[in-house]
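Quick notes on the structure that follows.
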There are 2 protein chains.
Amino acid sequence: MMKHKDDLILSHQACFPLYALSREITTIYRPLLDALHITYPQYLVLMVLWENEGQTVNQIGERLRLDSGTLTPLLKRMELKKMITRKRKESDERSVEIHLSPSGKALKKEAAKVPAQMVEALGISDEEVNQLKRIANKILDKIKDRGN
Amino acid sequence: MMKHKDDLILSHQACFPLYALSREITTIYRPLLDALHITYPQYLVLMVLWENEGQTVNQIGERLRLDSGTLTPLLKRMELKKMITRKRKESDERSVEIHLSPSGKALKKEAAKVPAQMVEALGISDEEVNQLKRIANKILDKIKDRGN
DNA sequence: TAAAATTAGATTGTACACAACTTAATTGGC
DNA sequence: GCCAATTAAGTTGTGTACAATCTAATTTTA
């Protein structure tokens with residue numbers, strides 16, 4: 001029989017460390033990404049596009065689990081910085097295709113050193129990184145499989 | 001010798017699942033906390049105060065790793081909702097003490113069922129929750145011990 | 001002890017997040 | 001073929017986050 005008397009103690013919470021760590025990691029990314037004039041969510045969008053050019057807003061959103069309310073203004077800022085172009089699809093005018101500009105493509109080379117810099121800056125072992133990645137993905141998959 | 005050729009692939013990243021999971025969890029919290037008319041960060045502030053009444057903005061911020069730029073407006077919203085009061089400290093007028101109002105204290109009873117509801121809603125095993133908590137805290141501690 | 005340094009909050013400005021809603025294009029039934 | 005339902009983005013409004021800066025109070029130190 002479990003007791004729930006002390007459930008509302010911060011240090012007993014599991015979700016708070018996750019929330020705090022997620023923010024800490026963004027803070028560690030910041031100086032590395034500042035050098036490329038991008039934010040962390042913009043970096044994620046670029047990674048999605050480097051992997052597969054010309055995806056629609058929806059496709060990017062599914063990958064990153066972000067909706068148009070977040071993506072539309074974010075993509076507009078990236079367009080202003082000449083990293084991407086936004087164009088209505090010919091075959092379906094509802095969709096907007098996001099294409100990398102030459103400078104957006106070129107950014108990939110500059111970003112190539114970011115992952116290694118992060119491992120260095122985080123100062124944690126590969127083992128720990130992999131554990132975290134594995135369990136986070138496991139839980140994410142479970143959440144994804146039911147509702148969405 | 002490690003290869004870094006594929007480091008910029010989203011599915012190889014460790015930080016993205018963390019970022020995505022953190023947001024998913026907030027989404028799962030939302031309906032539970034909506035019933036109490038609070039947001040997740042406000043819930044965290046309340047937990048800090050339920051544990052120890054009358055802390056200053058700084059003390060709350062250290063606990064939650066949030067600065068006054070985030071906390072001041074958040075606390076003002078909580079004050080508007082009559083959950084807390086904000087009062088300059090007599091002994092040091094720079095500091096602001098945050099006190100729970102009667103309804104802020106009463107909220108604790110209503111929130112008592114939230115942790116169990118979360119475990120239920122998350123639908124993951126205690127084992128997984130604990131693993132995640134343990135490793136996130138381990139990494140957080142490492143980050144805390146150096147930088148600040 | 002008076003000026004300099006530090007500290008605590010507040011403010012400003014930018015950038016996410018996300019719910020709720022709107023608009024326009026497409027699709028599915030009939 | 002037409003209309004209802006669906007879909008994709010965009011818009012609106014609220015609430016974080018956080019860097020940078022400001023202001024006022026307190027400490028330090030010369």
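Side-chain atoms are counted along with the backbone in the values below, which use heavy atoms only and exclude waters and symmetry mates. Since the model is a prediction, treat every value here as computed from it, not as a measurement.
- Checking the phosphate oxygens (OP1, OP2) of D/dC18, a side-chain nitrogen or oxygen of A/T27 falls inside 4.0 Å.
- Contact annotation: B/Y19 reaches the phosphate of C/dA17 (side-chain N/O to OP1 or OP2, under 4.0 Å).
- For residues 44-60 of chain A, the salt bridge (Lys or Arg N to Asp or Glu O under 4.0 Å) pairs, not counting sequence neighbours, are A/E51-A/R63.
- Within the structure, the side chain to side chain donor-acceptor pair (under 3.5 Å) test picks out the following pairs touching residues 11-23 of chain B (sequence neighbours left out): A/Y29-B/Q13.
- Per the geometry, CZ belonging to A/R23 stands 11 Å off P belonging to D/dA19, to the nearest Å.
- Considering only residues two or more places apart in sequence or on other chains, B/R77 meets the side chain to side chain donor-acceptor pair (under 3.5 Å) condition with none of them.
- For A/K105, the side chain to side chain donor-acceptor pair (under 3.5 Å) test picks out no residue, with sequence neighbours left out.
- Between A/L66 and A/K81, the residue anchored nearer the 5' end of DNA chain C, judged by the nucleotide with its closest heavy atom, is A/K81.
- If you take OH of A/Y29 and C1' of D/dA17, they are 18 Å apart, rounded to a whole angstrom.
- A/E127 meets the side chain to side chain contact (heavy atoms under 4.5 Å, CB included) test with A/S125, A/Q131; sequence neighbours excluded.
- Atom CD of B/E62 and atom P of C/dT7 are 12 Å apart (whole Å).
- Atom C1' of nucleotide D/dA9 and atom NZ of A/K87 are separated by 17 Å, given to the nearest angstrom.
- For A/E79, the side chain to side chain donor-acceptor pair (under 3.5 Å) partners are A/R86, not counting sequence neighbours.
- Note on residues 35-48 of chain B: no pairs pass salt bridge (Lys or Arg N to Asp or Glu O under 4.0 Å), not counting sequence neighbours.
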When you compare the protein's N or O atoms with those of nucleotides 11-13 of chain D, which come within less than 3.5 Å of each other, and at what distance?
| residue | atom | partner | partner atom | Å |
| --- | --- | --- | --- | --- |
| D/dT11 | OP2 | A/K76 | NZ | 2.7 |

Enumerate the protein-to-nucleotides 25-29 of chain D contacts in which both atoms are nitrogen or oxygen and the separation is below 3.5 Å.
| residue | atom | partner | partner atom | Å |
| --- | --- | --- | --- | --- |
| D/dT26 | OP1 | B/E93 | N | 3.1 |

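- Residue pairs satisfying the salt bridge (Lys or Arg N to Asp or Glu O under 4.0 Å) criterion with at least one member in residues 28-45 of chain A, sequence neighbours excluded, are absent.
- When the side chain to side chain donor-acceptor pair (under 3.5 Å) test is applied to A/K87, no partner is found at least two apart in sequence or on another chain.
- Nucleic acid contact class of A/T26 (heavy atoms, under 4.0 Å, all strands): none.
- Within a heavy-atom distance below 4.0 Å of DNA chain D, the residues of residues 36-43 of chain B found are B/T39, B/P41, B/Q42.
- The shortest distance between the side-chain N/O atoms of A/R86 and the OP1/OP2 oxygens of D/dG10 is below 4.0 Å.
- Although no hydrogens or angles enter the test, the distance criterion places a donor-acceptor pair under 3.5 Å between the side chain of A/K81 and the main chain of A/H37.
- Dashed line: the shortest gap from a side-chain N or O of A/R30 to OP1 or OP2 of D/dA19 is under 4.0 Å.
- In this model, the phosphate group of C/dT14 is not approached by any side-chain N or O of A/R77 to a distance below 4.0 Å at OP1 or OP2.
- One finds a side-chain N or O of B/N58 lying less than 4.0 angstrom from the OP1 or OP2 phosphate oxygen of C/dG9.
- For the atom pair CG (B/L122) and CD (B/E128), the distance works out to 10.0 Å, reported to the nearest 0.5 Å.
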